[in-house]
Participant: 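Dropping the structure in here first, questions after.
All values reported here derive from a predicted model rather than from experimental measurement. To find a chain, count down the sequence lines: A is the first, B the second, and so on, and within it residues start at 1.
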Amino acid sequence: MRCSVRCGAVLPRSFYARPAIEVAKDLLGKILVHGETAGRIVETEAYLGLADAAAHASRGRTPRTEVLFGPPGHAYVYLIYGLYECLNLVAEPEHSPGCVLIRALEPLAGIETMRRRRGGITRIEQLANGPGKLTRAMGITRRQNGADVTRGSLTVHVPERAEAFQTGVSRRIGITRNPDPPLRFFIQDNSCVSRMPRSLSSPPAR
DNA sequence: CAATAGATCATCT
DNA sequence: GATGATCTATTGC
């Protein structure tokens with residue numbers, strides 16, 4: 001029993017073989033599936049590669065960044081702060097190391113499994129509303145580094161019924177280098193987005 | 001509600 | 001040896 005969620009075709013490699021910014025925007029609303037768990041992607045960030053000082057690949061090809069320089073449509077999973085794993089999807093053609101960080105999901109399937117992995121968090125919006133949280137909730141680790149996301153147990157699908165939404169934009173979160181361009185994209189007003197920037201969150205109309 | 005300390009380790013200098 | 005594309009708990013207002 002795989003993909004117990006209503007989801008359609010797997011995104012083909014050609015989807016990923018485009019500029020990281022386009023891929024980041026277009027991944028919003030798509031369905032990430034890993035084993036019995038699945039979630040709707042509601043927040044992403046683009047990392048542009050060599051010209052992007054905040055990107056791991058900006059300092060060139062190293063053992064860790066090897067997969068970023070490979071073909072698109074593969075997972076790049078790394079350990080951050082010694083504690084959490086972050087999931088990226090490799091974009092752009094081979095040898096161009098752009099990628100997209102998956103920052104938040106709206107849980108759709110395997111909710112009880114996610115709750116167990118997340119140490120008893122009960123509220124659905126808090127199960128996967130951050131890059132370290134969603135990997136833990138879905139059981140994604142560095143074992144999936146380099147995995148082909150166009151086939152296998154970790155895949156991204158088109159939803160069977162697309163829901164309309166507005167795309168919000170902001171600067172990336174947790175980037176200390178300045179200035180940082182607006183490369184974070186999220187589904188406007190979705191409760192599973194990790195943090196609504198003050199500049200964009202509408203004040204309570206009154 | 002906002003700010004911050006602490007956890008913890010692979011990676012690169 | 002310093003540094004993070006983070007998260008949680010705790011403290012302070």
Participant: So, A/Thr141 and A/Glu85: side-chain donor and acceptor under 3.5 Å apart, yes or no?
Facilitator: no
Participant: Taking only side-chain nitrogens and oxygens of A/Arg103, does any of them come within less than 4.0 Å of OP1 or OP2 of C/dT6?
Facilitator: yes
Participant: Side-chain N or O of A/His56 versus OP1/OP2 of B/dT11: is the shortest distance under 4.0 Å?
Facilitator: no
Participant: Looking at the side chain of A/Arg64, which of B/dT11, C/dC7, C/dA5 is the nearest nucleotide?
Facilitator: B/dT11
Participant: Round to a whole Å and report the spacing from CG of A/Leu79 to C1' of C/dT3.
Facilitator: 13 Å
Participant: For the pair made of CD1 in A/Ile121 and P in C/dT8, what is the distance, rounded to whole Å?
Facilitator: 6 Å
Participant: Between A/His157 and A/Thr155, is the side-chain hydrogen bond (donor to acceptor under 3.5 Å, both in side chains) condition met? List the steps.
Facilitator: CA-CA 7 Å; A/His157 300 247; A/Thr155 46; 2.9 Å; yes
Participant: Would the number of heavy atoms belonging to other residues, nucleotides or ligands and lying under 6.0 Å from CZ of A/Arg61 be above 12?
Facilitator: yes
Participant: Can you see whether A/Tyr16 has A/Arg18 sitting over its ring - NZ or CZ less than 6.0 Å from the centre and within 45° of the normal?
Facilitator: no
Participant: With a non-hydrogen cut-off below 4.0 angstrom, is A/Gly82 in contact with a base, only sugar-phosphate, or nothing?
Facilitator: base
Participant: Quickly work out the A/Asp180 CG to C/dG4 P distance and round it to whole Å.
Facilitator: 14 Å
Participant: Tell me if the side-chain of A/Tyr78 makes a donor-acceptor pair with the base of B/dA10, cut-off 3.5 Å, by modelled atom types.
Facilitator: no
Participant: Could you check how far OH of A/Tyr81 sits from C1' of C/dT8, rounded to whole Å?
Facilitator: 14 Å
Participant: Could you please name the option among C/dT8, C/dT6, C/dA5 that lies closest to any side-chain atom of A/Lys133?
Facilitator: C/dT8
Participant: Any base atoms under 4.0 Å from A/Leu101, or only sugar-phosphate, or nothing? Heavy atoms, all strands.
Facilitator: base
Participant: So is A/Arg64 actually on top of A/Tyr76's ring, under 6.0 Å and inside 45° of the axis?
Facilitator: no
Participant: Using whole Å, report how far CG of A/Leu87 lies from P of C/dC7.
Facilitator: 13 Å
Participant: Can A/Tyr47 be called stacked on C/dA5 when the rule is centres closer than 5.5 Å and an angle between planes below 30°?
Facilitator: yes
Participant: Looking only at side-chain N and O atoms, does A/Arg118 come under 4.0 Å of OP1 or OP2 in C/dT8?
Facilitator: yes
Participant: Once you apply a heavy-atom cut-off of 4.0 Å, does A/Arg172 come out as touching a base, just sugar-phosphate, or nothing?
Facilitator: nothing
Participant: I'd like to know if the side chain of A/Thr65 and the backbone of A/His56 have a donor-acceptor N/O pair within less than 3.5 Å.
Facilitator: no
Participant: Round to a whole Å and report the spacing from CD of A/Gln126 to C1' of C/dT6.
Facilitator: 15 Å
Participant: Looking for any heavy atom pair under 4.0 Å, which part of the strands does A/Leu83 touch: base, sugar-phosphate only, or nothing?
Facilitator: base
Participant: How many whole angstroms separate atom CD1 of A/Ile80 from atom C1' of C/dT3?
Facilitator: 9 Å
Participant: Once you round it to whole Å, what is the distance between P of B/dT8 and OH of A/Tyr84?
Facilitator: 10 Å
Participant: What contact category does A/Arg171 fall into here, base, sugar-phosphate, or nothing, at under 4.0 angstrom with non-hydrogen atoms?
Facilitator: nothing
Participant: Going by purine N1 to pyrimidine N3 plus the second Watson-Crick contact, or the G-U wobble pair, all under 3.5 Å, which nucleotide sits opposite B/dT11?
Facilitator: C/dA2
